Student: 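Below is the structure I would like to discuss, written out as structure tokens.
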Amino acid sequence: MPEVRSSELCWGQRYHWLRYHQVPPGARHDAHIVANCPLPKGLSLSRLRAVLDHLVLRHETLRTVYDADALPWPRQRVQPPGPLPLRVASTDADGTAGPAAVVAELAGTEFDMATEWPMRACAVTTGGVPVRLVVVFNHVAFDDGSLEVFKGEFEELLTAAVAGRPARLPAVAHQPADLAALEAARPAAEREAALRHWREEAARVPADQFARRRVPRGAGGRPTASGGPAQSCGPAEPGEQVDSGGPVAYGVSLTSPELLPVVREIAARHAVWPSAVHLAAYAVTMAAYCGEERIALRQLTSHRGAGPRTSALTCMFSPALVCVDLGGAPRFSEVVRRVAERARLAQQHAYAAYDEVIEALALEGERRGRTLRAAPEVNFLTHAGRSCGSRRERLVRNAEPVAWARSATDAYLRVHEWDDGVTVALDCLAEVMDAPDAERFLRGYARLLQAHRDGTADLDFAAMTALPGFPPVPDRGGAPADSPERPDDPASLAALTGVVARVNGLASVDAGRGYTGAGGRVLRLPRVAAELRAAGWTGLEVSDFTGARPLAALARRMVPVG
């Protein structure tokens, strides 16, 4: 299809674009955004289609595809306006697929980003009348800020359609392609200052803060996944585990009405944001579990701030690397101060290209001679106008996060703030933390915060790290042993270096260096992986290239197809 215009990817888009290609196809649906939109009475299907088509006309992000093969960089290509495909699913027993099945299909099928618009829609009808719209977005094109704008405009268009009046919507100030142009024009001094910060932060992170706890997959009796529906936490029953066919993970969540005022009181007392208080509790609890003085995390941080970029409807966030130094046995008040300062610096430099931050980590890992596993993510989510659904503290073991487990992330903490409580949810790979320790983690996290509610306590480091009651940290220091590799194969090495050179426009490639050290750019990795597959080679994923392993070692992992 012809394009209206095109541009490079926006900096926030790059995170999810790369993540989507890094995760195996069967798990990519984990990054989809699903939203339910109630519909007013008196709305016909034809009017609903007209409203959706107006939004497609208004917002270029809804009719954009993403070209991984473009040179020198991947591009977002805006296509002409047109009708949005709309599935219809009836609640009536008419022999057709019901809403649950249709929505599951739309939400669970990966997007073909090169050809498919990043929005799918399903109208749920009763007696032929639409009563609800379910939309599925590809995260590369949407975030929470975009969803809020979309819902507001959608409701205004619906109200106007039913009332028979013109809709009152502001002009669209900036499209994603405009945002990409603003980013490209950013002064070189500002860009270099941000990159310098991320290089310095990369030098601070531990190589693997889970090194003393990490257990190789399938070794040492490590339990497999519990699976099943959410249930009250407790010891796993014999026979409860199932083999998920991939990395095993656990999901646990703690909901507490009490934590909301507790965190706000602590934040007010220390003149910091509530997120800094949560990060302090996370850092101390993780230090207690890992036995490390430095705790690294990737805080998912919005790029939406003051200025013209705030209005663009697209994905505008990426992980900001934060490394907290807990050396010197600090008290809780000092931990809060240190965390707030690191978080402030991360936010100050957060408006940067995610792929360049990953390159800084790769080069630092190559300098140290091992891949840096700065993988745990932390995300803060606000649910205004919604209840946590619990009047007392409640800990539950969730269904196994099977798709998330394939995201190459060791742990993922989400802090949900409701109107009347807080939910802290933890997903973790079994190789770094088992289910009982995940439960201890959340209970210790909550106890630490509750102990500082009234301001009379300021626990020392030993008292804080004792709260979760973790088993002693094993003495497993040192880098993990590399997995067995095949002997040198001139054919695989020639294929790999040839593809890396061709895709990155390099005259030569040093196979003794890692991908980034040899001149490869992270943003071109999906094309590198695709060209290797097209040339008849398998065995490597996008994530294999973002570490410190030399290209010669990666070539020994390659397997010819057939």
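Side chains are part of it too, since the values below use all heavy atoms of this structure and drop only hydrogens, waters and symmetry mates. All values reported here derive from a predicted model rather than from experimental measurement. In what follows, residues are counted from 1 in the order of the sequence shown.
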Student: Run the salt bridge (Lys or Arg N to Asp or Glu O under 4.0 Å) test against Arg77 and tell me which residues pass, sequence neighbours left out.
Tutor: Glu3, Asp67
Student: What are the two closest non-hydrogen atoms of Ala346 and Val322, and how far apart are they?
Tutor: CB-CG2, 3.7 Å
Student: Quick one: list whatever passes side chain to side chain donor-acceptor pair (under 3.5 Å) with Thr126, sequence neighbours left out.
Tutor: Thr91
Student: Go through the structure and list residues passing side chain to side chain donor-acceptor pair (under 3.5 Å) with Arg527, not counting sequence neighbours.
Tutor: Glu531
Student: At their closest point, which heavy atom of Ala35 faces which heavy atom of Leu147, and how far apart are they?
Tutor: CB-CD1, 4.0 Å
Student: What pair of heavy atoms forms the shortest contact from Ala405 to Leu429, and how long is it?
Tutor: O-CD2, 3.7 Å
Student: Taking the side chain as every heavy atom from C-beta outward, state whether Leu39 and Val131 have any pair of such atoms under 4.5 Å apart.
Tutor: no
Student: Answer yes or no: is there a side-chain heavy-atom contact under 4.5 Å between Val272 and Val277?
Tutor: yes
Student: Suppose we screen for ring pair (Phe, Tyr, Trp, His ring centres under 6.0 Å). Which residues come up paired with Trp11, at least two apart in sequence or across chains?
Tutor: Tyr351
Student: Checking side-chain polar atoms at under 3.5 Å, does Glu393 have a donor or acceptor matched by the opposite partner on Thr255?
Tutor: no
Student: For Gly389, is there any backbone N or O sitting under 3.5 Å from a side-chain donor or acceptor partner on Ser387?
Tutor: yes
Student: Taking C-beta and beyond as the side chain, do Trp117 and Val65 meet within less than 4.5 Å on heavy atoms?
Tutor: yes
Student: Does CH2 belonging to Trp273 count more than 12 external heavy atoms closer than 6.0 Å?
Tutor: no
Student: Which pairs pass salt bridge (charged side-chain N to carboxylate O under 4.0 Å, His left out) with one or both residues in residues 156-168, sequence neighbours excluded?
Tutor: Glu156-Arg165
Student: I'd like to know if Asp420 and Arg391 make a salt bridge, using a cut-off of under 4.0 Å between side-chain N and carboxylate O.
Tutor: no
Student: Any donor and acceptor pair, going by atom type alone, linking the side chain of Asp419 with main-chain N or O of Gly385 inside 3.5 Å?
Tutor: yes
Student: Apply ring pair (Phe, Tyr, Trp, His ring centres under 6.0 Å) to Phe137 and list each qualifying residue two or more places apart in sequence or on a separate chain.
Tutor: Phe142, Phe150
Student: Holding to side chain to side chain donor-acceptor pair (under 3.5 Å), I want the full list of residues that pass it with Thr538, two or more places apart in sequence or in another chain.
Tutor: none
Student: Please answer whether the main-chain N or O of Gly127 pairs with a side-chain N or O of Asp92 as donor and acceptor at a distance below 3.5 Å.
Tutor: yes
Student: Report yes if some heavy atom in the side chain of Val396 is under 4.5 Å from a heavy atom in the side chain of Asn398; otherwise report no.
Tutor: yes
Student: For residues Gln348 and His197, is any side-chain donor paired with an opposing acceptor at under 3.5 Å?
Tutor: no
Student: Is it the case that the side chain of Thr109 and the backbone of Leu106 share a donor-acceptor pair, with hydrogens and angles ignored and the cut-off at 3.5 Å?
Tutor: no
Student: Hey, can you tell me if Phe380 and His278 have their rings parallel, tilted or perpendicular (30° and 60° cut-offs)?
Tutor: tilted
Student: Looking at Thr314 and Pro176, would you say the former's side chain and the latter's main chain have a donor-acceptor pair under 3.5 Å?
Tutor: no
Student: Do Thr423 and Trp418 pair up side chain to side chain, a donor and an acceptor below 3.5 Å, judged on atom types alone?
Tutor: yes
Student: Indicate yes or no for a side-chain donor-acceptor contact from Trp198 to the backbone of His349 under 3.5 Å, with no hydrogens or angles considered.
Tutor: yes
Student: Pairs in or reaching into residues 248-265: which pass salt bridge (charged side-chain N to carboxylate O under 4.0 Å, His left out), with residues at least two apart or in two chains?
Tutor: Glu258-Arg453, Arg264-Glu417, Glu265-Arg453
Student: Any donor and acceptor pair, going by atom type alone, linking the side chain of Glu116 with main-chain N or O of Asp112 inside 3.5 Å?
Tutor: yes
Student: Would you please test Tyr282 and Val424 for side chain to side chain contact (heavy atoms under 4.5 Å, CB included) and show each step?
Tutor: CA-CA 10 Å; Tyr282 172 89; Val424 185; over 6 Å; no
Student: Taking ring pair (Phe, Tyr, Trp, His ring centres under 6.0 Å) as the test, write out the residues that go with His139, two or more places apart.
Tutor: His16, Phe317
Student: Are a donor atom and an acceptor atom from the side chains of Ser318 and His303 found within less than 3.5 Å of each other?
Tutor: yes
Student: What pairs of donor and acceptor atoms, side-chain ones from residues 17-25 against any protein atom, are under 3.5 angstrom apart with sequence neighbours left out?
Tutor:
unit_1	atom_1	unit_2	atom_2	d
Arg19	NH1	Tyr15	OH	3.2
Tyr20	OH	His32	NE2	2.8
Tyr20	OH	Phe111	N	2.8
His21	ND1	Trp17	O	2.8
Gln22	NE2	Ser407	O	3.4

Student: Under the side-chain contact (heavy atoms from CB on, under 4.5 Å) test, which residues partner Ala529, sequence neighbours left out?
Tutor: Arg533, Val542
Student: Do the side chain of Arg397 and the main chain of Tyr250 share a donor and acceptor less than 3.5 angstrom apart?
Tutor: no
Student: For the pair Asp143 and Ser146, evaluate side chain to side chain contact (heavy atoms under 4.5 Å, CB included) and give the outcome as yes or no after the intermediate values.
Tutor: CA-CA 5 Å; Asp143 58 12; Ser146 300; 2.9 Å; yes
Student: Salt bridge (Lys or Arg N to Asp or Glu O under 4.0 Å), that's the test. Do Glu356 and Arg14 meet it? Break it down for me.
Tutor: CA-CA 10 Å; Glu356 293 182 339; Arg14 296 183 186 190; 5.2 Å; no
Student: Heavy atoms only: give me the nearest Ala194-Ala352 pair and the separation to one decimal.
Tutor: CB-CB, 4.3 Å
Student: From Arg47 CZ over to Leu158 CG, what is the distance, rounded to the nearest 0.5 angstrom?
Tutor: 10.5 Å
Student: With a 4.0 Å cut-off on N to O distance, would you call Arg344 and Glu341 a salt bridge?
Tutor: yes
Student: Within the supplied structure, the quantity of interest is the number of heavy atoms (other residues, nucleotides, ligands) at a distance under 6.0 Å from Glu190 CD; does it exceed 12?
Tutor: yes
Student: Is any side-chain heavy atom of Phe154 closer than 4.5 Å to one of Cys37?
Tutor: yes
Student: Specify the closest pair of heavy atoms between Cys10 and Glu183, including all atoms of both residues, with the distance to one decimal.
Tutor: CA-OE1, 3.3 Å
Student: Less than 4.0 Å between a side-chain N and a carboxylate O, is that true for Arg5 and Glu60?
Tutor: yes
Student: Is a donor from one side chain sitting under 3.5 angstrom from an acceptor on the other, for Ser7 and Gln76?
Tutor: yes
Student: Using 0.5 Å steps for rounding, measure from the CG atom of Asp410 to the SG atom of Cys428.
Tutor: 10.0 Å
Student: Is it the case that Arg414 places NZ or CZ above or below the six-membered ring of Tyr412, under 6.0 angstrom from the centre and within 45 degrees of the axis?
Tutor: yes
Student: Using side-chain heavy atoms (C-beta onward) and a distance below 4.5 Å, is Val172 in contact with Arg58?
Tutor: yes
Student: Mind checking what makes side chain to side chain donor-acceptor pair (under 3.5 Å) contact with Tyr354, not counting sequence neighbours?
Tutor: Arg298
Student: Quick check against the 3.5 Å criterion: does Thr409 have a side-chain atom that pairs as donor or acceptor with the backbone of Ala411?
Tutor: no
Student: Donor-acceptor pair, Asn138 side chain versus Ala141 backbone, under 3.5 Å?
Tutor: no
Student: Do Leu254 and Leu259 come within less than 4.5 Å of each other through their side chains, counting heavy atoms only?
Tutor: yes
Student: Applying the side chain to side chain contact (heavy atoms under 4.5 Å, CB included) criterion to Glu201, which one of Val357, Leu345, Leu321 satisfies it?
Tutor: Leu321
Student: Any idea which heavy atoms bring Asp178 and Ala173 closest together, and the distance?
Tutor: OD2-O, 4.4 Å
